[in-house]
Every structure is written in C-alpha cells, then in structure tokens.
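Taking it in order: structure first as structure tokens, then the write-up.
The structure displayed is predicted, hence computed values, not measured ones. Along the sequence shown, residues carry numbers from 1.
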Amino acid sequence: MKQITAINDFVVKFANVNGSGSASANELFARAILRMGVPVSPRNIFPSNIQGLPTWYEVRVNEKGYQGRRGGVDLMVSMNPQTWDNDLKEIESGGYLFYDNSKPLPPSKFRSDVTAIGMPLTEICNTTYSDPRQRQLFKNIIYVGALSALLELDPKEIEQLFTEQYKGKEALLQSNFKALHLGRDYALKHLPCPLGIKLQRADNVGDKIFTDGNSAIALGAVYGGASVCAWYPITPSSSVAEAFIAYCKRMRTDTASGKNKYAIIQGEDELASIGIAIGAGWNGARAFTATSGPGISLMSEFIGLAYFAEIPVVLVDVQRGGPSTGMPTRTQQSDLLACAYASHGDTKHVLLFPEDPTECFELTAQAFDLAERLQTPVFVMTDLDIGMNTRLCRPYVWDDTREYDRGKVMTYERLDAGADFGRYLDVDGDGIPFRTYPGTHPTRGGYFTRGTTKNRYAQYSEAGPDYIDNMQRLMRKFETAKSLVPKPLLYPAEKPARFGAIFYGSTSPAMQEALDTLSERGIHVNALRIRGFPFADELSDFVASHPWVFVIEQNRDAQLKTLMVTDGKINPARLISLLHYDGTPITARFIVEQISQHADSRRVVPIKKAVA
C-alpha cells in the first residue's frame, strides 16, 4: 500500500461526540498549526442537539492558503464508534486512521488501503484520572499530544496557547501540560512518528487575522455607526448580537459618565425585534437585527412596512438549511429569494454577499450607509459556514476620516426657509425622497408614517395614479441602488476561456482552489463573484461574452440563477446550474468534478479527428 505523503498540505477530520469537550481541543490543534506559520481552515460540523449526537471538526492544512474545503480526508481521528463505518469511507486511499484501541476491533472494521494507528486513550485516562469528567476532557488533550508527535506539530506552540488561555490559573495550566505530554510521549515511544503527512514551519500567515464572520459583522456594525440592536436568539446568528454586546461595552460606553451609548434589546420574538429596529431607524438611529431563515419568514410583514414607508434598517441573515426548522446547524445559501422579495406585494430589497469575515466587516458597515442613503431595508447575506467557522483572512482596515452617508435629510434651516418638503417626492429623478428626523422643526417637516398608500406629500390616498406614481418611484430607487451596491469582481483565466462561472458568498474559498485545479487540467474558466443585488450591468456583459456560464450555489432551487433570469434579464439558455445542498460547505473537488463533466460534454472535436 502506498501511503499518502505531503508536507503542509492535507486534511485532518475529527469524529467526536457532541458535548464531550472535543471542540476546544480540536480548535487548539488548528491554532497551533497556524502559529507554525502554516495556513489552516477549520470547520465545525455539529448537530442541533445539546449533547450525544455525532460532531465533526475538519481542518484543512494548506501552505498555499486555500480556505475552502478540498474534499476527502487524509487523516481521520475517530473518537466516535457510532460513526466509525461512514468515517472510514471518507478516508483517501493511502490515508491514515487514528483511533482508540482500548477495546480491540475485528479486522472487518478496517480498510486494507488505510494505515490504522491505535492508541489506548481510554486505558491511559482511566489509569491517570479518577474523575469521570477529567477522563473525558483530558482524553481530548492526550490525542492532541499524540498528533503533535505523529504530524511533527511543535508542542511549544500548544503550550503557549495553554499559557495564554489559563493565565493566572496555574493548576489548570499544569494539568493540561501533563495531558499533552502523556499523549506525545506515548506516541513517540509506541507509534510510527512521523507519518507521511506532516508539518513544517513556514511563513505564509503574515498579518492575516483568524476570526469568524459573526464577530466580524458585530464589529462592522459598531464601526458602521449602529447604536441599536434588537434580536431574538436563533442558530446560527445568535453570536452576532452577543459579539455586538461585547464590542459595545468596550467601545460604546462613555468614559467620563460610564453611560452606555447604545441600546441592545432581546425581543420576545422575531416580530418584536424587527419592529424595534424599524422604530429606531425611523427615529434616526442606525439599527439592525440578526436572524436566520425562519426569522426572515416571521419578519416579512414588518419588512414590507419598512420598504413601503421607506425606513432604513439592516438585517443580517446568517443562512441555514430549510424549510421549516430544516437543518439549524448546517449551512446553505437558502434565503436569496425569500430576502430579495420579502413581504407580500411588489417588493425588491438590496442584498449584500460577503465572502469571508473581512468582507462581513466591510459590507456590514457599508449596509448602514446604503440603508440610510436608499431609505430601505438592506440585507447582509452570510451563512453558517462564514458566520460560525473561523477563517484566515486579511486584516480589517478602517478610514477614521470616513463620514457616514445619512442620505437625503431635510434640515431645520431648509424647512424654515420654506423648502418644499414632500416625504415621498422625487426631487431629482433618483427615486429617493427627502426625510426628516422627528422634532426637526416645530411646525414644518412633519408627516404621517403609514404603510398604506399615499401621495407624494404623505397624505392618505387610494387613488390609482398616486399608487402607481409611488410604486414607479420605488423602482427608480431600486435602479439607483445598482450604482451603489458593491460591484462584482472578475477573476480572469490566464488563457482564453470558453466557459464562465458565477459564484458568491461562502462558495468563494472553494472556488478559488477549483479554478486553479481546472487550469492545471487545461480547463480555463473566467469567473465573476457577485457581491450585491440589484445586479450591476457587468453581470449581463459577462454572461453575454461566454457561450456557457456555470452558476455555482448552495441550494436546491438555483436561487441566484432565478434572480439572474427574473431580475437581471439574463438568457437562461447560457446558464448551467451547479448545485450543492447537503448542508456541508461546498468543496473544491465537487466544483472541479462538475465543471469537468460539463466541459468534456461540450468539447469541440475537429471533423477530421472525429472521422479518424
């Protein structure tokens, strides 16, 4: 059997039981590799129950810095007998299986093309510790110690992480040191160290940061000027509000008086939360809510009110699998259509699609400018993969001279001078009217905010021409939004390409690797990453310049393609959907295989060669 050999380029997957304390140990493993200067991309795949069901933690190690899932597993750390058979199937031929051999397993439980490495973890723990909880928790640290020997992971980096984590807690620090070296010493003495896959110090991390999308969104909201957050807990978005609370305590508290300069309210449900956020936006505050697909469904009527009454508000949708409760702890790009047309009647909403935590920070801050400039709800569309998994990305940058775009706000001076104020009056053709803040002027600039139809001066009217006038103006405003949302980014192939590919959001990391792999195979693809809706003209130009364009997305119903055809007026005959929706993040291998199959079926063969 030929074993896999690789330096700084492999996939390790941990198969554990939820609630066993394994997540902390597995993340420790990933962070220690990062400290060696080798880029990693970990993903936690966990169940929606509290304890007992299977959970996995996959670590992509890649010196080139690819952050997407590759597909396949080179080393499986199998700590869960329930999932043994399926976990074994995932290992690449020539790969490795690390497991607890305290209880012998029959030969039928193994594969001849996979190197099995057994270590009596339970036996070691039972001999060393008397407390059942300690036995479980330190078992995780012991296998990390063993992996440090098998993969040549510098134990000093793990020790440094322990030192930082348990600063001032000497007893905890020393007990973790002990468990680490129990595993490492055993492996060095009894196991085949090192394996064919191993680590080597590098310098490929640089100034990049290691963080998750939900934390980045929260910080982006702070820098974007948000002072009000109203939310209701829902996986996978809850940590957005939790992080916002932590950042506000540090950055939004007046140092002289100690008073908070923010309001964070956990509503009794999603309806209350969006209502609070809209009310704050109407009052002049920058406000947002964070939720997931089921929350968007409940908020739809209020979203329609904000659209029709033209009140700025930001909604963060950390998407998960649906419908109904669906897969609460799995990822999908499942809410595009639900958000683009949220609420009944004719509505169209601005959507932003960040690819990683850095863009979560940037686009969230931008969302507040857009919401006020356009006086409308703006959606930041992430998903569980971006939101809850840590990612290596470029550092945040903020211009301290940047001024917030508050849009068209009628001032006291203009009102006092007799300016013509119509709350829904289009003064310059961009579809955006002037608004006033409550209390701007004692006698002028007031209006009745209503969700029913009205004329240009906010007077109640059910006259057909007034309704049509208002709806057409809202469409002009949506056209204006085209020039304001982030432009798509083009990734041109190195050689002339017949094929195009369109992607967005969390598909991006896997797509970058897939494009490189396809190029190595002689399949050249121009790619366009969508970052906002409404779509810019660059999208239709890109599609028109290719006979075939792949649209890669993570849902069943080709929602981006549907938006492109319906709203972008794209010819569907040119579009080929590649759909991944099993709840796990898309892999580079899936994209490569799908595009390769389609490319082969569309290969042009010269007539002479075909006849021969």
Side-chain angles (χ1 to χ4, degrees), residues 217-234 237-238 240-249 251-254 259-291 295-296 298-318 339 342-343 349-350 352 363-380 403-410 423 432-440 445-451 458:
I217 286 169
L219 191 61
V222 172
Y223 274 78
S227 58
V228 176
C229 170
W231 66 298
Y232 185 77
I234 183 172
S237 74
S238 296
V240 172
E242 292 163 356
F244 186 70
I245 292 169
Y247 285 130
C248 284
K249 286 180 178 178
M251 306 169 73
R252 282 288 172 79
T253 302
D254 185 80
K259 291 183 178 180
N260 295 333
K261 297 188 289 184
Y262 60 90
I264 301 170
I265 305 164
Q266 181 179 321
E268 62 265 32
D269 53 29
E270 284 88 353
L271 281 78
S273 300
I274 185 64
I276 293 165
I278 291 170
W282 174 86
N283 208 40
R286 289 193 158 192
F288 77 101
T289 189
T291 189
I296 295 296
L298 292 168
M299 295 177 182
S300 288
E301 187 173 4
F302 258 131
I303 293 168
L305 171 64
Y307 173 82
F308 204 46
E310 298 180 66
I311 300 171
V313 66
V314 171
L315 297 95
V316 176
D317 181 6
V318 188
C339 292
S343 199
H349 303 295
V350 174
L352 306 180
L363 297 190
T364 300
Q366 185 177 359
F368 290 97
D369 277 353
L370 289 171
E372 292 209 291
R373 175 79 175 270
L374 295 164
Q375 300 173 31
T376 197
V378 173
F379 292 77
V380 179
E403 295 183 0
Y404 298 139
D405 185 349
R406 306 307 301 262
K408 294 178 180 176
V409 180
M410 188 70 73
R423 177 62 185 93
I432 306 171
F434 273 89
R435 61 177 173 140
T436 56
Y437 297 137
T440 297
Y447 61 93
F448 194 92
T449 303
R450 61 178 90 244

Once you round to the nearest 0.5 Å, how far does CZ of F448 lie from CZ of R423?
14.0 Å
Looking at Y232, I'd like to know if its OH atom is crowded, meaning that more than 12 non-hydrogen atoms belonging to other residues, nucleotides or ligands lie closer than 6.0 Å.
no
Does NZ or CZ of R286 lie under 6.0 Å from the centre of the six-membered ring of F368, at an angle within 45° of the ring axis?
no
Nearest atoms (heavy-atom pairs only) where A218 meets V240
CB-O, 3.5 Å
Rounded to the nearest 0.5 Å, what separates atom OG1 in T449 from atom CD in E310?
11.0 Å
Closest non-hydrogen atoms of S273 and A230, given as atom of the first, atom of the second and distance, are O-CB, 3.2 Å
Donor-acceptor pair, distance only, cut-off 3.5 Å: does the side chain of D269 make one with the backbone of L271?
yes
Look at atom OH of Y223 and say whether more than 12 heavy atoms of other residues, nucleotides or ligands are closer to it than 6.0 Å.
no
Supply the atom-to-atom distance T289 OG1 to I274 CD1, rounded to the nearest 0.5 angstrom.
5.5 Å
On a heavy-atom basis, the closest approach of C339 and D317 is SG-OD2, 3.4 Å
Euclidean distance, D254 CG relative to K261 NZ, rounded to 0.5 Å:
5.5 Å
Please find the pair of heavy atoms, one from I303 and one from I296, that lie closest to each other, and give the distance.
CD1-O, 4.3 Å
Closest non-hydrogen atom pair, V314 against A371
CG2-CB, 4.1 Å
Out of curiosity, R406 CZ to Y437 OH, how far, rounded to the nearest 0.5 Å?
3.5 Å
Compute the ring centroids of F244 and Y262, then answer whether they are less than 6.0 Å apart.
no
CD/Q266 to CH2/W231 distance, rounded to the nearest 0.5 angstrom?
5.0 Å
Heavy-atom pair of closest approach, residues E270 and T291
CG-OG1, 4.2 Å
